[in-house]
Participant: 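My structure is below; once you've seen it, I'll send some questions.
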Amino acid sequence: MLDVKHGIFGSLQNNCYLITDISSGKSALIDCSDDSDKMRDFVKGTQLEYILLTHGHFDHITGVKGIKDLTGAKVVISKEDEPMLNSSKESLAAFCGSPQNNVDADIIIGDGDVIELGESKISVIATSGHTKGGVCYLCDNSLFTGDTLFFCSCGRTDFPGGSVAEIKQSLKRLSSLNGNFNVYPGHDRFSTLDFERANNPYMK
């Protein structure tokens, strides 16, 4: 069983999630927007095994190096978005005037991979469209959608690597998942997959 803790971090008000496998106490951080005192308090006292990145834009990765250095957690990202970890141009940090804290990935993931967190299994779903290597993470009844799926909306496609056609396919794929899940996006409010299927115009 999974415990989900939520916090809002960074200049773009990103949702970051600390997920913990209750049976083992092992945790993972989903996206890491900054290395603030608030973020350090957020992960303090946890057995942080992984920093799971939904994609490589600067507002999701700025704090990764600091939290990795602090905790020893392994950095997990897709092959397509890995270059963003060491490029202010690729991550859009240079474009937005944000710092780029270069960091290397420890684990490269792809569609269908499964990450074990204690007794919990986290499935990787490739969802390109916002970026080439965007992914969602599915565990128990929780779906962490990064900037692919938002409350009644979806991620932008006008950045380099974005694609309207690809994000439509990704949203279609999420819509076709078997069952209802709590949707935890990278920005804005939480939702459920059933609600998004019924109300999100981009999932029609």
Participant: On a heavy-atom basis, which atom in Ala126 and which in Val135 lie closest, and how many Å separate them?
Facilitator: CA-CG1, 4.3 Å
Participant: Please report the closest heavy-atom contact between Asp21 and Ser120, naming both atoms and the distance.
Facilitator: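 Of all heavy-atom pairs spanning Asp21 and Ser120, the closest is OD1-OG, 2.7 Å.
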Participant: Could you list the residues that satisfy salt bridge (charged side-chain N to carboxylate O under 4.0 Å, His left out) with Asp111, not counting sequence neighbours?
Facilitator: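 Asp111: salt bridge (charged side-chain N to carboxylate O under 4.0 Å, His left out) contacts with Arg173.
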Participant: What is the distance from atom CG of Asp147 to atom SG of Cys154, rounded to the nearest 0.5 Å?
Facilitator: 10.5 Å
Participant: Please check if Val76 and Leu117 belong to a single hydrophobic cluster, counting links between Ile, Leu, Val, Met, Phe, Trp and Tyr side chain heavy atoms closer than 4.5 Å.
Facilitator: yes
Participant: Can you confirm whether the side chains of Ser142 and Asn182 place a donor and an acceptor under 3.5 Å from each other?
Facilitator: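 Distance-only check fails for Ser142 and Asn182.
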Participant: What do you reckon, are the aromatic ring centroids of Phe144 and Tyr17 less than 6.0 Å apart?
Facilitator: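 Yes; Tyr17 has its ring centre under 6.0 Å from that of Phe144.
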Participant: To the nearest 0.5 angstrom, please state how far the SG atom of Cys139 sits from the CE atom of Met1.
Facilitator: 11.0 Å
Participant: Taking the side chain as C-beta and beyond, is there a heavy-atom pair between Leu85 and Val75 under 4.5 Å?
Facilitator: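 Yes - at least one pair of side-chain heavy atoms lies under 4.5 Å apart.
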Participant: Could you check whether any side-chain N or O of Tyr184 sits under 3.5 Å from a backbone N or O of Ser191, counting only pairs where one atom can act as donor and the other as acceptor?
Facilitator: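 Between the backbone of Ser191 and the side chain of Tyr184 there is no qualifying donor-acceptor contact (under 3.5 Å).
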Participant: Using a 4.5 Å cut-off on heavy atoms from C-beta on, say whether the side chain of Cys32 contacts that of Met39.
Facilitator: yes
Participant: Is Asp106 salt-bridged to Lys68, going by a charged N under 4.0 Å from an acidic O?
Facilitator: yes
Participant: Once the angle between the rings of His55 and His130 is folded into 0 to 90°, is it parallel (under 30°), tilted (30 to 60°) or perpendicular (over 60°)?
Facilitator: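 If you compare the ring of His55 with that of His130, the planes turn out perpendicular.
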Participant: Is Lys26 salt-bridged to Glu119, cutoff N-O under 4.0 Å?
Facilitator: no
Participant: Does Ile108 offer a backbone N or O that forms a donor-acceptor pair with the side chain of Glu82 under 3.5 Å?
Facilitator: no
Participant: Restricting to salt bridge (charged side-chain N to carboxylate O under 4.0 Å, His left out), what partner residues turn up for Asp3, sequence neighbours left out?
Facilitator: none
Participant: Are Thr127 and Ser170 linked by a side-chain donor-acceptor pair shorter than 3.5 Å?
Facilitator: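 Per modelled atom types, Thr127 and Ser170 side chains form no pair under 3.5 Å.
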Participant: Relative to Tyr202, does Lys168 satisfy both conditions: NZ or CZ under 6.0 angstrom from the six-membered ring centre, and within 45 degrees of the ring's axis?
Facilitator: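 Cation-pi check for Lys168 and Tyr202: fails.
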Participant: Tell me whether Arg40 is salt-bridged to Asp35, with the criterion being a basic N under 4.0 Å from an acidic carboxylate O.
Facilitator: yes
Participant: Are Leu48 and Phe42 linked, directly or through intermediate hydrophobic residues, by side-chain heavy-atom contacts shorter than 4.5 Å (ILVMFWY only)?
Facilitator: yes
Participant: Would Val43 and Phe9 show up in the same hydrophobic cluster when neighbours are defined by side-chain heavy atoms closer than 4.5 Å?
Facilitator: yes
Participant: Can you find a side-chain donor-acceptor pair between Ser91 and Gln100 that sits under 3.5 Å?
Facilitator: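 Yes, because at least one side-chain N or O of Ser91 sits under 3.5 Å from a partner of the opposite role on Gln100.
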Participant: Could you please spell out the steps behind the side-chain contact (heavy atoms from CB on, under 4.5 Å) verdict for Thr148 and Leu171?
Facilitator: CA-CA 7 Å; Thr148 296; Leu171 293 171; 4.2 Å; yes
Participant: Taking the side chain as every heavy atom from C-beta outward, state whether Pro160 and Leu92 have any atom pair closer than 4.5 Å.
Facilitator: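 Pro160 reaches Leu92 side chain to side chain.
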Participant: Might you work through the side-chain contact (heavy atoms from CB on, under 4.5 Å) test for Ile51 and Ile67, ending with a clear yes or no?
Facilitator: CA-CA 9 Å; Ile51 302 172; Ile67 299 304; 4.0 Å; yes
Participant: Assess, by modelled atom type and distance only, whether the side chains of Asp104 and Asn86 contain a donor and an acceptor separated by less than 3.5 Å.
Facilitator: yes
Participant: Decide if atom CG of Asp37 counts as having more than 12 heavy atoms of other residues, nucleotides or ligands within a radius under 6.0 Å.
Facilitator: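 Count not over threshold, so no.
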Participant: Would a hydrophobic clustering, with Ile, Leu, Val, Met, Phe, Trp and Tyr connected at side-chain separations under 4.5 Å, put Ile61 with Leu12?
Facilitator: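 No; Leu12 is not reachable from Ile61 via cluster members.
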Participant: Do the side chains of Ile109 and Ile107 get nearer than 4.5 Å, heavy atoms only?
Facilitator: yes
Participant: Backbone N or O of Thr62 within a donor-acceptor pair of the Asn101 side chain at under 3.5 Å?
Facilitator: yes
Participant: Among side-chain atoms of Asn15 and His6, is any donor-acceptor pair under 3.5 angstrom?
Facilitator: yes
Participant: Hey, does the side chain of Ser128 reach the backbone of Thr131 with a donor-acceptor pair shorter than 3.5 angstrom?
Facilitator: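 A pair under 3.5 Å: no.
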Participant: Test your reading of the model: is there a side-chain donor-acceptor pair from Asp31 to the backbone of Gly186, 3.5 Å cut-off?
Facilitator: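 Judged by distance alone, no pair lies under 3.5 Å.
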Participant: Can you confirm whether Leu53 sits close enough to Asp81 that some side-chain heavy atom of one is under 4.5 Å from a side-chain heavy atom of the other?
Facilitator: no
Participant: Strictly distance-based, threshold 3.5 Å: is any side-chain N or O of Ser33 a donor or acceptor partner for the main-chain N or O of Asp59?
Facilitator: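 Checking the backbone N and O of Asp59 against the side chain of Ser33, a donor-acceptor pair under 3.5 Å is found.
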Participant: Mark yes when over 12 heavy atoms from residues, nucleotides or ligands other than Lys172 sit less than 6.0 Å from its NZ; otherwise mark no.
Facilitator: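 Result for NZ/Lys172: open.
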Participant: Counting N and O atoms only, with roles assigned by atom type, does the side chain of Asp113 sit under 3.5 Å from a partner on the main chain of Gly110, one being a donor and the other an acceptor?
Facilitator: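 Such a contact is found between Asp113 side chain and Gly110 backbone.
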Participant: Is atom CZ of Phe95 surrounded by more than 12 heavy atoms (other residues, nucleotides or ligands) closer than 6.0 Å?
Facilitator: no
Participant: If you look at every heavy atom in Val64 and Val103, which pair is closest and at what distance?
Facilitator: CG1-CG1, 3.8 Å
Participant: Using a strict 4.0 Å threshold on nitrogen-to-oxygen distance, state whether Asp194 and Arg197 make a salt bridge.
Facilitator: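 A salt bridge links Asp194 with Arg197.
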Participant: What are the two closest heavy atoms between Asn180 and Leu193, and how far apart are they?
Facilitator: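 Heavy atoms only, the tightest pair is OD1-N, 3.2 Å.
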Participant: Output, in order, the C-alpha distance, side-chain angles, deciding distance and verdict of side-chain contact (heavy atoms from CB on, under 4.5 Å) for Ile122 and Val114.
Facilitator: CA-CA 5 Å; Ile122 305 167; Val114 175; over 6 Å; no
Participant: Start with the C-alpha distance between Leu174 and Cys136, add both sets of side-chain angles, then the distance that settles side-chain contact (heavy atoms from CB on, under 4.5 Å), and finish with yes or no.
Facilitator: CA-CA 9 Å; Leu174 294 180; Cys136 295; 4.1 Å; yes
Participant: Phe150 and Gly155: which non-hydrogen atoms are nearest, and at how many Å?
Facilitator: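 Looks like CE1-CA, 3.7 Å.
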Participant: I want to check something: taking the side chain as every heavy atom from C-beta on, are Val183 and Phe151 in contact at a cut-off of under 4.5 Å?
Facilitator: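 In short, these two side chains do not touch, never coming nearer than 4.5 Å.
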Participant: Short question: side chain of Asp140, backbone of Leu2 - any donor-acceptor pair under 3.5 Å?
Facilitator: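 Checking the backbone N and O of Leu2 against the side chain of Asp140, a donor-acceptor pair under 3.5 Å is found.
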Participant: Indicate the atoms forming the closest heavy-atom contact of Cys152 with Pro201, along with that distance.
Facilitator: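 The pair with the smallest heavy-atom distance is O-CD, 3.8 Å.
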Participant: Find the distance between CD1 (Ile167) and CG (Leu149) and round it off to the nearest 0.5 Å.
Facilitator: 9.0 Å
Participant: If Ile, Leu, Val, Met, Phe, Trp and Tyr residues are connected whenever their side-chain heavy atoms lie under 4.5 Å apart, and connections chain through other members, are Tyr50 and Leu18 in the same group?
Facilitator: no
Participant: Using a 3.5 Å distance criterion without hydrogens, assess whether the side chain of Thr157 forms a donor-acceptor pair with backbone atoms of Ser163.
Facilitator: no
Participant: Report the residues that fulfil ring-ring contact (aromatic ring centres under 6.0 Å, His included) with Phe181, sequence neighbours left out, ordered by chain and then residue number.
Facilitator: none
Participant: So, taking the atom named CE in Met84 and the one named CD in Glu90, what distance separates them when rounded to the nearest 0.5 Å?
Facilitator: 6.0 Å
Participant: In Å, rounded to the nearest 0.5 Å, how long is the span from OG of Ser153 to CG of Asp188?
Facilitator: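 That separation rounds to 8.5 Å.
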Participant: Using side chain to side chain contact (heavy atoms under 4.5 Å, CB included) as the criterion, point out the one residue from Leu143, Ile115, Ile19 that pairs with Tyr137.
Facilitator: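 In the set Leu143, Ile115, Ile19, the residue that makes a side chain to side chain contact (heavy atoms under 4.5 Å, CB included) with Tyr137 is Ile115.
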Participant: Anything under 30° is parallel, anything over 60° is perpendicular, the rest tilted; go ahead and classify His60 against His187.
Facilitator: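 Perpendicular: the ring planes of His60 and His187 meet at over 60°.
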Participant: If only side-chain N and O atoms count, and only distance matters, is there a donor-acceptor pair under 3.5 Å linking Thr46 with Ser27?
Facilitator: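 No, no side-chain donor-acceptor pair sits under 3.5 Å.
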Participant: Measure from the side-chain N and O atoms of Asn199 to the backbone N and O of Phe195, and report whether any donor-acceptor pair falls under 3.5 Å.
Facilitator: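 Here the side-chain-to-backbone pair exists.
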Participant: What's the spacing between Thr71 OG1 and Lys44 NZ if we round to 0.5 Å?
Facilitator: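 Here the rounded value is 14.5 Å.
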